Structures are given as structure tokens and as C-alpha cells.
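Worksheet for the structure shown next.
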Protein chains: 2
Amino acid sequence: MTNSDESAIRLGLLLPFQIAQLHSALNAQAKVIISAYGDLNLAQWRIVRVVALGIENTTTPVRKATGIDKSQFSKMLGALEQKGYVVLHPYENDKRQHVIELTDKARKAHERLGPVLDERQRHLVATLTEDELAVIYKSIKVLANAAQKTDFDIPAPEQEEE
Amino acid sequence: MTNSDESAIRLGLLLPFQIAQLHSALNAQAKVIISAYGDLNLAQWRIVRVVALGIENTTTPVRKATGIDKSQFSKMLGALEQKGYVVLHPYENDKRQHVIELTDKARKAHERLGPVLDERQRHLVATLTEDELAVIYKSIKVLANAAQKTDFDIPAPEQEEE
DNA sequence: ACTTGATTGTTGACTTTTCCACCTTTTTGC
DNA sequence: GCAAAAAGGTGGAAAAGTCAACAATCAAGT
């Protein structure tokens with residue numbers, strides 16, 4: 001961080017890197033908080049939260065809302081069931097899916113943890129203004145979109161197409 | 001994304017989540033680009049880059065500049081050495097550390113990949129204004145800092161100290 | 001109704017990442 | 001100087017994530 005000749009370029013270069021760092025820090029923070037409350041990991045907690053908030057309660061929508069890979073989602077859901085956090089019922093409208101029902105255990109966990117995470121969120125955004133937050137949300141969208149492109153002009157040493 | 005009653009809260013709640021998603025997208029993008037050029041992964045590339053740019057060349061500073069966990073750093077460095085990208089020399093000032101020297105192979109890889117990643121960066125920030133970028137950088141710093149706090153008021157159910 | 005193609009979820013192998021306990025070197029306090 | 005403490009590095013184990021194949025289900029067109 002000492003020598004900074006081409007600061008503009010360097011800053012540009014560091015954007016994904018800084019986001020990675022930020023993500024890592026946020027992740028670690030969430031992990032500490034969540035694991036202090038029980039035996040759920042991040043992914044499992046997200047599933048519980050989405051259902052507890054009444055956003056979704058069937059597998060595919062929950063999976064998409066949480067952004068978890070379907071393979072891992074299946075495993076996490078299995079773990080949640082085994083630990084007694086959820087009960088899975090058949091879903092009549094689509095028999096491939098399941099309806100996820102939270103148990104008391106899950107609801108209690110959510111009631112305890114929810115407020116703590118809410119406070120964490122408040123703490124996170126506390127020093128940002130609404131305008132800044134708006135910029136951030138917009139930028140995240142834009143960047144996520146720009147991150148889709150993978151075919152930059154590649155001199156292609158020995159690369160073949162798929 | 002459909003039902004959005006308490007949008008403000010929900011948005012606040014989703015910040016770490018959205019950052020996680022963005023990070024995931026950026027990561028995937030970088031992975032595709034980098035792996036199209038050779039056998040380096042992200043972490044390894046970052047090490048090479050930091051050294052190639054002349055920012056640092058001893059282990060601990062490089063590790064901190066790249067933000068890689070020390071355990072993984074050790075393994076990545078070992079891999080780099082084995083693949084012939086770096087040569088490790090003893091560091092006289094502190095014999096726990098090493099001096100990292102790049103080989104021609106690493107320098108060539110950096111010369112080829114650098115420009116492509118530069119273009120990627122330009123592509124990423126292309127749709128953002130300078131003001132927005134400034135807000136982003138500032139916010140990342142602020143958020144990363146806020147992410148350090150892990151001791152939120154925890155009612156501590158049946159948690160014991162270790 | 002039947003068939004084809006697309007979704008969804010599950011599973012198991014595999015890779016990658018993260019965590020942790022240990023060892024060496026360096027630094028600090030006496 | 002020497003012992004204790006701190007920091008760096010290493011390697012193994014565990015967790016998380018990825019990938020590909022498969023079975024069940026649904027949607028659509030014939």
C-alpha cells in the first residue's frame with residue numbers, strides 16, 4: 001500500500017479484490033454471530049430466514065432466493081431436517097418439490113438470531129447515507145451484470161472453444 | 001424478489017447477501033479469464049501480480065497485500081514453486097520468511113494476462129461515474145471496518161466459554 | 001393419451017477452501 | 001544471555017463448494 005505510482009489504474013485493478021476482502025470480512029462476521037447461537041451455518045441460516053420471513057416456503061423458490069447451488073441446497077436441507085429445524089412435506093402442485101415447514105426449534109432460533117443480525121445490519125450501514133446506499137445497490141447490480149462477460153479479447157495462446 | 005413489503009429493512013438485510021452474490025460473479029469471471037491462460041488460480045495469480053508489480057517481495061508483506069489466509073498462502077506458494085513460477089530464497093532479515101523471486105515463466109504470464117485483466121477492469125467500471133466509484137471505495141472501506149465487530153449484544157442462551 | 005424435452009432434486013465423487021494444532025524463528029523482558 | 005511470549009509457516013483434517021450423472025416430474029405438442 002506504500003508505493004502508488006499509477007493510482008488510478010491500481011485502484012481500478014483492486015476493485016474485485018476489495019470486494020473479495022469485504023465479502024470475506026462480512027462472511028467471517030456472520031459466521032461468528034450465527035455459530036455463537038447454534039449449530040447452523042450460513043447457508044442453513046439463510047434458508048431458515050427466508051422461510052421464517054414468509055418470503056417463500058417451497059424448495060425451488062427458496063433455493064433461488066438464497067442463491068445457493070442446488071446440489072448444496074439439497075444437502076443443507078437434509079442437514080436441517082436431520083437436526084430438527086425443518087419438516088419436509090410433499091408439494092401437491094409440483095411433486096418434485098417439497099414444502100418446507102419450520103419447527104419450533106427453527107422459529108426460536110430465528111427469534112433469537114434475527115434481532116442480532118438486524119442490529120448487525122444497522123451497524124453496517126450506520127455510517128452510510130441513503131444516497132450512498134442507493135449508489136451501492138445500483139453499482140452492485142451494474143457490476144454483477146458486467147461480471148457476466150467472460151470473453152475479453154484473448155490472444156488465445158492454446159485455448160480452444162467449447 | 002417479488003413481494004417487498006418492508007423494502008427498507010429487506011434491502012438492509014440483503015446487503016451482505018448481495019455482496020456475496022457480486023463477489024461470486026466476479027470470482028467466476030476472474031476464474032474463467034485466468035484459467036484460460038494457464039494453470040494459475042486466483043490466489044496464485046495475485047501473488048504473482050503483487051510481486052511483478054514490485055509492491056512487495058517477501059512473504060509476510062505479500063501475504064498481507066493479497067489478503068490470503070496464511071495457511072493457504074503457504075500452499076499456494078508451494079504450488080507456485082513447484083510449477084516453476086517462483087523461486088524462494090531465504091530472507092536474511094527474518095529467517096521465518098522467504099524472498100519471492102519470479103521466474104521468466106511468471107513474468108511472461110504476467111505480461112500476457114495483465115493487459116487482459118486491465119481491460120476487464122475497464123469494462124467493469126465503464127458504466128460507473130467517478131463519483132460513484134469514489135462512493136464505492138469509501139463504502140467498501142467503511143463496511144469492511146464495520147465488519148470487524150463481532151460482539152453484538154448476545155443474550156447468550158446456553159453458550160459456554162472455551 | 002403418448003412422447004419428447006426441459007426442470008427439479010438427489011446422490012456420490014472430487015476439488016477447493018477453511019480451520020486448527022504444532023513447530024520454528026524471532027522478539028521481548030528480565 | 002536466557003526464558004517466555006509472539007509471530008510466521010506448515011500440514012492434516014474438516015467443511016464447503018463444484019460437477020456430472022441419474023430419476024422423477026412436469027409441460028407441450030402431436
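This structure is a prediction, so every number in the text was calculated from the model and none was measured.
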> Is B:V125 reachable from A:V135 through a run of I, L, V, M, F, W or Y residues, each pair having side-chain heavy atoms under 4.5 Å apart?
Replying inline: no

> Atom OH of B:Y91 and atom C1' of C:dT26: how far apart are they, to the nearest Å?
Replying inline: 13 Å

All N/O contacts under 3.5 Å from nucleotides 8-10 of chain D to the protein, with atom names and distances to one decimal?
| from | atom 1 | to | atom 2 | distance (Å) |
| --- | --- | --- | --- | --- |
| D:dG8 | O3' | B:T60 | OG1 | 3.3 |
| D:dG9 | OP1 | B:T59 | OG1 | 2.3 |
| D:dG9 | OP2 | B:T60 | OG1 | 3.4 |
| D:dG9 | OP2 | B:R63 | NE | 3.4 |
| D:dG9 | N7 | B:K70 | NZ | 3.1 |
| D:dG9 | O6 | B:K70 | NZ | 3.0 |
| D:dT10 | OP2 | B:S74 | OG | 2.7 |
| D:dT10 | O5' | B:S74 | OG | 3.4 |

> In whole angstrom, what separates A:Q44's CD from D:dA16's P?
Replying inline: 7 Å

> What's the CG-C1' distance between A:D69 and C:dT7, to the nearest Å?
Replying inline: 15 Å

>> Less than 4.0 angstrom between a side-chain N/O of A:N41 and OP1 or OP2 of D:dA15, yes or no?
In response: no

>> One pair to check against side-chain contact (heavy atoms from CB on, under 4.5 Å): A:H110 and A:L53. What are the steps and the verdict?
In response: CA-CA 9 Å; A:H110 184 255; A:L53 291 177; 4.2 Å; yes

> A:V99 versus A:T59: any side-chain heavy-atom pair under 4.5 Å?
Replying inline: no

>> side-chain contact (heavy atoms from CB on, under 4.5 Å), that's the test. Do B:F73 and B:V62 meet it? Break it down for me.
In response: CA-CA 9 Å; B:F73 185 82; B:V62 170; 3.8 Å; yes

> Got a salt bridge between B:K138 and A:E132, using NZ or NE/NH1/NH2 to carboxylate O under 4.0 Å?
Replying inline: yes

> Which comes earlier along DNA chain C counting from the 5' end, the contact point of B:K31 or that of A:K31, where each point is its nearest nucleotide?
Replying inline: B:K31

> Excluding sequence neighbours, so at least two apart, what forms ring-ring contact (aromatic ring centres under 6.0 Å, His included) with B:H23?
Replying inline: A:H23

> Atom CD of B:E81 to atom P of D:dG11: distance rounded to whole Å?
Replying inline: 11 Å

